[in-house]
Amino acid sequence: MAGRKNSVVKILTYIILAFMILIAVFPAVWMLSTSIKDVTELYDMPPELIPDRPTFGNYLNVLGQSKMYTAFFNSVIITACVVGMTLLLSILAGYGLSRYRFKGSGLVQTLLLFGQMVPGVVIIIPLYFAFSKMHLLDMHVSLVVADLALTIPMGVIMLTSFFKGVPRELEEAAKIDGCTGVGALFRVILPIAKPGIISVTIYTFINAWEEFLFALNLSMSEKTRTLPIAINTFAGEFSVDWGATMAAATVVALPVLALFLLCNKYFVQGLSDGAVKG
């Protein structure tokens, strides 16, 4: 009887999981389907998942526009700067918080957690006025700084947890062998904390690459417009080119998907280890 009950529970569990996976994957599948549909099939009733006449014209339309290349270049620059600066500052701050106790260290960690909990919509108005006063609107530096305000707190929190799990004896042994404190950090600590660093990299990349709110409000022209904002250009005043919009969205999503698939193992390990060690 108990075995039969367990089997029923397992079947129900698999059904629920399959349903949740379907809900999670369906929007992406529909996006891909729409991106290869001809304009005459976009409004078919009932809608069809598999188009009768697949076409890559939408992708040619997207990739043939120079403004998309400019937006791609802007996204690459901003994302690279945000990822690099987040890693550098998170490594140094996380190491300091995990190894040294000073007056107010607990308050610093609490403030970092608070900073992570604050949504971007709360800080966009103060940031806008601050950058306006400093004449930094419509510049790459304003977008980088705005993204850092959201990515650094989480990066420091995650890496602090990882560094706390690394035995101090390893550093002491490295220093006995002639390493400096900085040398021990980069030669001993960081290789051990590799899953955490990769997790922070993926988290930061996704946030910077797909960031919309700051880019929408702080960029005023094509010279700083990023890919998520460039997608909006396919929406007119009275109509939306859904085929081109979905093709552009697919192009934006591909780098994130590729990075996540390549580093999925490290990302899951980094999140789980950081949660346990923290």
Linked, directly or transitively: Ile11 and Ile21 (ILVMFWY side chains, under 4.5 Å)
no

Using side chain to side chain donor-acceptor pair (under 3.5 Å), reason through Ser221 and Asp138 one step at a time and then give a plain yes or no.
CA-CA 7 Å; Ser221 64; Asp138 202 28; 2.8 Å; yes

Donor-acceptor pair, side chain of Ser142 and main chain of Met139, under 3.5 angstrom:
yes

Ile16 with Tyr14, same ILVMFWY side-chain cluster at under 4.5 Å
no

Pairwise side-chain contact, Ser219 with Phe214, heavy-atom cut-off 4.5 Å (strictly under):
no

Can you find a pair of side-chain heavy atoms, one from Tyr59 and one from Ile36, that are under 4.5 Å apart?
yes

When you group the ILVMFWY residues by side-chain heavy-atom contacts below 4.5 Å and let the links chain together, are Ile77 and Phe131 in the same group?
no

So which heavy atom on Val144 is nearest to which on Met85, and how close?
CG1-SD, 4.2 Å

Is there a side-chain contact between Phe163 and Leu190 in this structure, where contact means two heavy atoms from C-beta onward sitting under 4.5 Å apart?
yes

When every non-hydrogen atom of Trp209 is compared with those of Ser75, the smallest separation belongs to CZ3-CB, 3.8 Å

Could you tell me whether a side-chain N or O of Asn61 sits under 3.5 Å from a main-chain N or O of Gly57, the two making a donor and an acceptor?
no

Is there side-chain contact between Leu32 and Thr250, with heavy atoms separated by less than 4.5 Å?
yes

So do Val82 and Leu148 actually touch side chain to side chain, heavy atoms under 4.5 Å?
yes

Contact summary for Asn74 and Arg225, nearest pair of heavy atoms:
ND2-O, 2.9 Å

Where do Leu150 and Ile123 land on the side-chain contact (heavy atoms from CB on, under 4.5 Å) test, with the steps shown first?
CA-CA 10 Å; Leu150 297 182; Ile123 64 174; 4.1 Å; yes

Within the side chain of Glu210, is there an N or O that forms a donor-acceptor pair under 3.5 Å with the backbone of Phe212?
no

Under 4.5 Å between side-chain heavy atoms, hopping through other hydrophobics if needed: is there a path connecting Tyr128 to Leu216?
no

Do Leu227 and Ile231 have side chains that get closer than 4.5 Å, going by heavy atoms?
no

Can you find a heavy atom in the side chain of Thr151 that is under 4.5 Å from one in the side chain of Val83?
no

Do Val76 and Phe72 make a side-chain contact, defined as non-hydrogen atoms from C-beta onward lying under 4.5 Å apart?
yes

Within the distance-only criterion (no hydrogens, no angle test), does the side chain of Asn58 pair as donor or acceptor with the backbone N or O of Ser35 below 3.5 angstrom?
yes

